[in-house]
Chemist: 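Please see the structure below; I have some questions.
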Amino acid sequence: MNANGTVTIDTVKDTVYRSCLLLDDENWDGFLELCHESLDYSITAFSPEINRDMIYFSHDYNGLKTLLEQLPKHNTDHSPLKRHVSVYTVDLDEKNGAASSVSSFVVYQNMLDGINSHLDSGENRLFLIGKYYDKFKLDSGRARLMERQARLDTRRLDKGSHFII
Amino acid sequence: MPARNHRQWNDVPGVLKPGEWVDSRIYSDPDIYEEELEKIFKKVWIPVCHESELPEPYDFRTSSIAREPVIVVRGTDNQIRAFLNVCPHRGMMIERRPSGSFKEAQPSGNPKHMTCMFHGWMFDMKGNCAFITRGEDGYQDRLKKENVGLRRLRCEVVFGGFVWVCLNDQVPSGVEEWAAGCFDCIREAVDTEPLEVFHYHKAIIGTNYKLWHDTNSEFYHDYMHYHNRVTGFNDEYFARKNVGFPNGHVNVNSFTVKYEEYEGFESRETLSFPGFPPNQWYMIDFFPGMNFNLRGSALRCDIVTPLGPDKVMIEFRGLGLKSDTPEERRIRIDHHNSIWGPFGRNLHEDLIGVAGQGSTMLPGSEPRRILHGRHEDEFIHDEIGMRHFYDEWGKWMDRSPSNPMEKYMAAAAE
Ligand code: FES
Ligand SMILES: [Fe+2]
């Protein structure tokens, strides 16, 4: 792997890690800045119960932007979601200015107002586990997200969430 | 009136009459919960899954009703049958997986059989015991496989292919008769051609199952849903009627939803169900806690499994037509998810709502009145759906919902 390639692998990892910090902070605009306008975002899972691949959520760049902007109009569990992520693999396709990565995630709910805050606030609950399957566009030294599939192992989702994963 | 002291707080508010509220103990009392399992859940038809979840002979699906494990299998004759998922030998749960096929051999048993892993007893798809390991050596002629078939359960596949099971052999009627016409409004839509499940997830929530059913039965809470306010609140919406059916079932009649009023959402008129006008929305609240909800392009079904006075599991399914093209299916999935998915706009709000109610009605909490006294000529925000349900509940329980420590009396306010 050449020096340039090494830098690019780090650039891809950096985008994944930054995306998680921004999502942890509910900085939706910041997250969208890491994305390409052709973004395809989805949350998927396989259900052994019904023996089927499922899509739980999906939006393009504009759809996601609109949805996130409308969040304040909705009643929402405001318990912040905190992600713990490890980038497992990065595959570069420099010829086409593209890359892909697989990362595993664990998402905790840092309880705030979801149920009975007197008892629950401050507690952490395991909310989700799964993997990010990400695809990137590489240009001008940046790796921007073109596709993010958050593939969940969790199918018991309790109250669910208005936030993206 | 200003805030009230304890006596005023316990007085009947305004001039509401019994039947226009329930006592919160029906949502929190452990004895009432146990009694509901015995008197209601073990006695009535419960949908446990959809036929598309076991499409091939030897496919199975497991579930439970009122703590009793249930297994549903498709026989070689394509018939779906239900059994208690309990081994007649020493009570092991026969099949532990949520779904699968008996075509393949299991570590303890042969292909094409249900095998109890513990001591290897085997059963066929009709529930007959097919093999007892070293049977004659241990039982001589005192017990033969003919004596130890599985416990067969009443099972019917109706209303869009849902698999209904009843623990009560003596149930007086089939599902069709029990539904008493409450499915007529979507009958053509769901019964013209086969349906298929495309969505499944579950929630376990700290609340009573009836609070979930209440939320599915009252539309006054559309104030909580930004999406429903902007896509719904119009003259046609306020002309929707709640209609009671025998046996405690309720319909909420349709209107034309204006999805495009929610920024970023599209109209759903491109896709519907057979004979079902586009963008319509019918709802069936099925006693004692199931919900079938047809919103234009997707059918949602909620199945509740009560786990305690203050705990319920809700299984959420989304369905389309089996004949959907991949593009059509994708549209149905998107429409379903945007509102009803675990990351959708409305479901999260509904679940926060009932979790909040559950938090104020823990077992042992002071009893209080939970009101459902709105009368608006049965139009959409009339709370007649809940009143209709609780009158039926009172009969099954022989308890007055407004005063559950007293025997049932016909409600004054229905
Ligand atoms: S408990 Fe099932 S074979 Fe013994
Ligand atoms: Fe709702």
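In what follows, chains carry the letters A, B, and so on, assigned in the order in which the sequence lines appear, proteins first and then strands, with residues in each chain numbered from 1. These numbers come from the heavy atoms of this one structure, side chains and all, not from hydrogens, waters or symmetry mates.
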Chemist: Who among A:Leu71, A:Asp53, A:Thr76, A:Ile164 has the most heavy-atom pairs with chain B under 4.5 Å?
Modeler: A:Thr76
Chemist: With chain B as the partner, which of A:Leu67, A:Asn51, A:Leu119 has the greatest number of non-hydrogen pairs under 4.5 Å?
Modeler: A:Leu67
Chemist: Judged by atom type as modelled, is there a donor-acceptor pair below 3.5 Å linking the side chain of B:Ser99 to the main-chain atoms of A:Pro48?
Modeler: yes
Chemist: Got a sec: does the OH of A:Tyr17 have more than 12 other heavy atoms crowding it under 6.0 Å?
Modeler: yes
Chemist: Can you confirm whether B:Arg97 is buried at CZ, in the sense that more than 12 heavy atoms of other residues, nucleotides or ligands lie under 6.0 Å from that atom?
Modeler: yes
Chemist: Do you know which of A:Lys65, A:His162, A:His59, A:Arg155 has the most heavy-atom pairs with chain B at a distance under 4.5 angstrom?
Modeler: A:His162
Chemist: Compare every heavy atom of B:Ile333 with every heavy atom of A:Ile55, then report the nearest pair and how far apart it is.
Modeler: O-CG2, 3.6 Å
Chemist: Distance-only, no hydrogens or angles: does the A:His74 side chain make a donor-acceptor pair with backbone N or O of B:His225 under 3.5 Å?
Modeler: no
Chemist: Heavy-atom distances under 4.5 Å only: say whether A:Ile165 touches chain B with side chain, backbone, both or neither.
Modeler: side chain
Chemist: For B:Ile204 and A:Asp158, work out which heavy atoms get closest and say how close.
Modeler: N-OD1, 2.8 Å
Chemist: For B:Arg330 and A:Ser58, does a side-chain donor sit closer than 3.5 Å to a side-chain acceptor?
Modeler: yes
Chemist: Is the number of heavy atoms from other residues, nucleotides or ligands under 6.0 Å of B:Tyr220 OH greater than 12?
Modeler: no
Chemist: Go through the atoms of A:Ser161 and report whether side chain, backbone, both or neither lie under 4.5 Å from a heavy atom of chain B.
Modeler: both
Chemist: So which part of A:Ile115 gets closer than 4.5 Å to some heavy atom of chain B, the side chain, the backbone, both or neither?
Modeler: both
Chemist: Looking only at heavy atoms, which two atoms of A:Phe163 and B:Phe343 are closest? And how far apart?
Modeler: O-CD2, 3.8 Å
Chemist: Is any side-chain heavy atom of B:Asp334 less than 4.5 Å from a side-chain heavy atom of A:Phe57?
Modeler: no
Chemist: Test B:His50 against A:Ile50 for side chain to side chain contact (heavy atoms under 4.5 Å, CB included), laying out the working first.
Modeler: CA-CA 9 Å; B:His50 187 260; A:Ile50 62 167; over 6 Å; no
Chemist: Taking the side chain as every heavy atom from C-beta outward, state whether B:Lys202 and A:Leu157 have any atom pair closer than 4.5 Å.
Modeler: no
Chemist: Under 4.5 Å from any heavy atom of chain B, what part of A:Arg156 do you find: side chain, backbone, both or neither?
Modeler: both
Chemist: If we define contacts as heavy-atom pairs under 4.5 Å, which of B:Arg317, B:Glu349, B:Glu53 has the most with chain A?
Modeler: B:Glu349
Chemist: Give a yes or no on whether A:Lys13 atom NZ has more than 12 heavy-atom contacts from other residues, nucleotides or ligands under 6.0 Å away.
Modeler: no
Chemist: Counting only heavy atoms not in A:His84 (residues, nucleotides, ligands), do more than 12 fall under 6.0 Å from its NE2?
Modeler: no
Chemist: Please confirm whether the backbone N or O of B:Met224 pairs with a side-chain atom of A:Asn75, one donor and one acceptor, at under 3.5 Å?
Modeler: yes
Chemist: Are A:Glu49 and B:Arg61 close enough, and set up right, to give a salt bridge (charged side-chain N to carboxylate O under 4.0 Å, His left out), and what steps lead you there?
Modeler: CA-CA 8 Å; A:Glu49 293 83 12; B:Arg61 187 82 174 85; 6.0 Å; no
Chemist: Which one of B:Thr207, B:Leu54, B:Leu351, B:Asn337 has the most heavy-atom pairs closer than 4.5 Å to chain A?
Modeler: B:Asn337
Chemist: Of the backbone (N, CA, C, O) and the side chain (C-beta and beyond), which part of B:Gln357 lies under 4.5 Å from a heavy atom of chain A, both, or neither?
Modeler: neither
Chemist: Distance from B:His336 atom NE2 to A:Tyr56 atom OH, nearest 0.5 Å?
Modeler: 10.0 Å
Chemist: If we only count heavy atoms from C-beta on, is the A:Arg52 to B:Tyr200 side-chain gap below 4.5 Å?
Modeler: no
Chemist: Decide yes or no for B:Phe198 and A:Met54: does some side-chain heavy atom of the first lie under 4.5 Å from some side-chain heavy atom of the second?
Modeler: no
Chemist: Using heavy-atom distances under 4.5 Å, tell me whether A:Leu152 contacts chain B through its side chain, its backbone, both, or neither.
Modeler: side chain
Chemist: Are there more than 12 heavy atoms of other residues, nucleotides or ligands under 6.0 Å from atom CZ of A:Arg125?
Modeler: yes
